[in-house]
Amino acid sequence: MGDFKPQIIAFCCYYCAYAAADVAGSLRLQYAPEVRVIEIPCSGRVDPVVILKAFEEGADGVYVAGCLEGDCHFLKGNIRARKRVEYIQKILSELGIEPERLAMYNLSGAQGDRFAEIADEFTARIKKLGPSPVKVGDSL
Amino acid sequence: MSEHAGVKTKAVGAVLVVGGGIAGMQAASDLAESGFLVYMITFDDSLGGRMAKLDKTFPTNECSMCLLGPKMTGSLNQVNIKLLTRAKLSNLLGQPGRFTAVVERYPRYVDESRCTGCGQCAEVCPVKVADEFNGGLSQRRAIYKQFPQAVPNKFAIDKENCIGCMKCVKVCTAKAIDHRQQPEILELSVGAVILAPGFDSFDASLLGEYGMGYYPNVVSNIQFERMLSSTGPTGGRIYRPSDRKIPRRVAFIQCVGSRDYRNKYGAEYCSAVCCMASVKEAVIAKEHHPEMEVTIFYLDMRAHGKNFDRYVNRALAQGIKLQRCLISSVKEDPATGNLNVSYCEQGEVYTADFDMVVLGAGVRPPGSAGQLARSAGIELNRYGFARTGEFNPVETTRPGVFAAGGFIGPRDIPETVVNGSAAAAAAAELLSAARGSMEQVVRYPREKDLQNRQPRVGVFVCCCGSNIAGVVDVPAVVKYASSLPAVVNAWQFTYSCAQESLQRVKEIIEQYQLNRVVVAACSVRTHLPLFRETLKQAGLNQYYLEMANIRDQCSWVHRDYPRRATAKAKDLVAMAVGKVCRNQPLHLEPVPVEQKALVVGAGIAGMTASLSLADQGYGVYLVERRPYLGGLLNRLYLPQRGENPRDLLRQKIEAVINHPNITVYKEAELTHLSGRIGSFHSTLQVGEKTVHLHHGVVITATGNCEAPVRGYLYGKDNRVITRLEMEKYLGENKNIDRLNTVVFIQCVESRQQGREYCSRTCCVQTVRQALALKELNPGVNVYVLYRDVRTYGFMERDYRLAREKGVIFINYDLDKPPVLRSGSEAVDVDVYDPACREELQLAAELVVLATAAVPSEGVEKLAGLLKIPVNEDGFLVETHAKLAPLDVPAPGVFICGAAHSPQSIGEAMAQGRGAAARAATILSKAHLLAGGAVARVLPEKCAACLTCVRVCPYGVPRIGTDNVAEISAVQCQGCGTCAGACPNRAITLEHYRSEQLTEKVRALFNGEVASSG
Amino acid sequence: MIVAQPKPVKEVADYIKECAKVLVVGCSGCTSVCLAGGETEAEILATALRILRKKQGRPLETLVTTITRQCDPEFVAGIAEKVSQVDAVVSLGCGVGVQFLAEHYPDKWVLPALNTVFAGGTVQAGLWEERCGLCGDCVLHLTGGICPITRCAKSIQNGPCGGSQNGKCEINPDTPCAWHLIYEKLSALGRLDLMLEYRPAKDWSKERSGGPRLVQRKDAEL
């Protein structure tokens, strides 16, 4: 398991999470190289079907990152995002996929450090969980 | 309007804005969006001003940089804003409407057109100096960028500290550094000038008693703020400078250098923002370090803004201690570095040790004020800020020259933004005939019709010097990219953003007949506009572009893992290619604008907004519910800082009635509204008649009114009157000489449960009334029973004068409010005085109640009609408490005046004018461009389930007459919340359609080869 | 509208465990509006089923479509081509939709993905409540617009019963007593006289215990 390199997708809102990722860059904060960012205008855009398809394709983990609650550039898209993530987490557990493989994070556009921390934290979490059961298959 | 008539015929349609802070940016963008060319000059290297230094903003704890970032890039990318950094105004010749501004521009020694912001120069620079941006708490190099998010994202050299070693020149492969640059003098032809140079902070080391400058653990509020910032010198951790330990006990000392006229360093005025800033810093510090104990020593807690008192109450609940006491000195224990403070509570003196002391250093005029005033030919006031009118806060002493923000005097961010807009409106009124005459419109070649063509993708991979290529194996990425399906070829650039590279991209698009482009380089946030521009010039739709961020989000952050960084870069390119193949051309469609405004409410804010728009040449329908104009202004009598509200009322009503562009409807109510931004249809009930109007915007200015009083014998004893009744009584000056004792009671049925906010104007009004009483009858005893005296800003002077004239101020606590009894001779007022710890009994012939300001009756109904949210106090809710105080989420609708929150005449007028500037950004256009990356309904799939109607944060979707959802492209803000929530996939967010996102995901997994490196 | 809610994915997966290819059919009618059976939920279910089967190493192929209403034969007929390609059809319609599909495609295995719960409406975003008992003999004109059949736990016609306490139902203290509501409403409307009127027993013969009911409109017949 030591050389397990998880495949992680992060849906990042343009105004905060994506901006924070850029700040992390300009501060040269080093973090886990496993995360692949997909930019969306607002975390409220996040689509349950797209997230599930990511797991179907073989993602080991997915997270959605939006602005801090109360701070959403689009007023409250991030609240919808959180609720939608919780909904998909329930479906994942029904499918025998650890719901922790999906997460919602909130951070401000200035928090480059937090972006790096989240990337590390989530990557560590997924490494601990191991490869997605969708890839491995049920060990019946 | 007529006074400018002579000027207008030859006015110049350009405006000079001095200052790149939030006031300057607001003024510049409002003007540039409404048909004027703007030259924006700042002496700094970056836009952002003071706000860039803030970590969070009160009272919402919003991240300052998140708000500022889009504003800064917006200003940079607006084609009609010409930004000059390191520049100052040195002379202003000519007349209003036709000025020649002489601007001195100092060299950055870095060519902005070449610098890529990579930062390699700073890495090799051997010089380290204190970083003033971080309050000297960290170091920067002699070649530096002011802060990580600086706009423009370019470096500059601090020549004073540069040793000329030329290491930066050698390492800069973009050849951007030029040590031989010389200052230049520019002459700009402009019609008006807006001065917004901001403010400075008081240098607390000038006051010896607090130990700033020699006790290391005494820091200024700006230093503390920088420590809180995640991009600051300590990365968001609070350290004691002496030992870098986290302080457990922290004291804030307020009014350092403010409300203090003991010596030459102090200032008479109140700095207006420090109370809230300190409470905010305390709250955030406690969030970072929950074990921290924070005490704020203050004189009066000046939480006079919207939602401020609630914020302070929450801070108290979170364990922040507020101690009312003026601290006279701070002593250090040299062994521990701890700081000892003596303070007084209930007449007893206590001392306490703290690990750190933060000084609430006040606001000062900007250092450049004297020079700027001389150059611009304006006068400064007694404190060294720009002299402007009480009622016209943005007009300086020189016609055609306007001021905004901290340069006028201490104020918070929303007021500053409002000033920026108001100054823009003032300039636009003057120059309305020249609107559009200097505006630059960019033209592009005809777009190629590529619908239904097979994708032919070109991939351009940037090395960014060695920024990317130093970590990522760029040739390998290029090779991989060219192997991807639909990719015609891939090319490598040293700097893809260089002019010659962009030219090459255009040639390649032509030569290879490309119809899709992927640029693997840096961030969409900074470079998408540039590459979109290139596509447009090449005749491609701008949405046929995708970027892969292989620098900021790859090479820079995975330096130690070049192999895995390369694998990630390949993945990101594959994902971008996957998506771009699914991209569709999107076009902005023009929709017509009815260039007229509906203004609801004809108080001072509504009249000011109407007059500004009318002077700018737009038709205005002004609707007033009452049979008369002027609103609450009708009830104000006393002069305010030398200006008479009666005269103002008369002048404004006359101007409104006689203005050919304004139609007034009295005794009229708005009963129905439909349509969209740019084209609303409304119905008025005017007496018995129904009137239908067509207009492009709505401005709501419904004001507020006096809250009915239940207690304090009001209505039972006619010697108890309200502050507005007192205003009339003083104005009419009847029997005032017969009074012996008058008692004012502040915060009547305010700032307590049920009405948790401050009405902002009452303290100032009370002090004014007390002074008027003393003037008319010097022998009268005047007592003011208060909780906090909130004479913020320059109004502090009246408070001082009142005390000097013998007005007695007695503090009371909410737990022990004054008690009134009706006596035969007088009203007996019992109040506990904490200063002498005794119960006092005052016999008053007149008791004046500082009643609360509450929103006008029926505002909820109107708000419902206009889809404006209402807060728990009944005031209208703006889009952003800080940066969009006059906008509401519903596009095309604006608010101003006391319906937003209680405010003074001058503040309401600034808001009125500001709202006019915001409205003019729409009314100035014959057509709005709608579309692009917005939501689109597929009507055949819509089940009219109302989900989109319910979830849209802006209230845009509605179920139309066809029984399907309609989302107006011109109103849609493009967040996609509806698309994510639609149960039948009947809504797509263009450019972020589900299949586009799915394709991006798929591409990652199809490229398994790349991932395994 | 008819309100339904999704069955657990595993349950649906179990129905089709022998199939290699299924058609998942959403409905743009009621179940779309109650967020249980529109195209989004159909896509979610299809993806979930595929994930489960991928995990088991027996990949499932899915087709997904959504029709305007599953309770009209013309719409149901429109997907014949797709139905012919699969081993089974999974319906996200209400019970009516499942049956119409099953009737129209008699040789196909048609399975429900939802549990149909009640006739009701959206009381707030994300919350639906039963409002109509489909009794066939509406009494709302007598009760101030409040249905005692659905909103009273006992469906009694002459309430409140002794279990009405402080305006709440003894069955569940969060549920308002329907007859308390009716009293308040009629009292507010000044029509308490309606409660004093003697009324014959309700005609339950129009209720569904007599087998499936029919509604006929001669003028609409072709």
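Chain letters run A, B, ... following the sequence lines, proteins first, then strands; residues in each count from 1. These numbers were taken from a predicted model, which means no experiment stands behind them.
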Quick one: closest heavy-atom pair of B:Cys982 and C:Thr40, and the distance?
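Smallest interatomic distance, heavy atoms only, reads O-OG1, 2.6 Å.
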How about residues 933-959 of chain B versus chain C: which residues have heavy atoms under 4.5 Å apart?
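Near chain C, by residue number: B:Lys941, B:Ala943, B:Cys945, B:Thr947, B:Arg950.
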Answer yes or no: does atom [atom1] of [X] have more than 12 heavy-atom neighbours from other residues, nucleotides or ligands under 6.0 Å?
X	atom1	answer
C:Arg213	CZ	yes
C:Tyr183	OH	no
C:Asn166	CG	no
C:Lys21	NZ	yes
B:Glu995	CD	yes
B:Gln753	CD	no

Side chain from CB out, backbone as N, CA, C, O: work out which of these in C:Ser28 comes under 4.5 Å of a heavy atom of chain B, or both, or neither.
both
What part of C:Thr31 gets within 4.5 angstrom of chain B, counting heavy atoms only: side chain, backbone, both, or neither?
neither
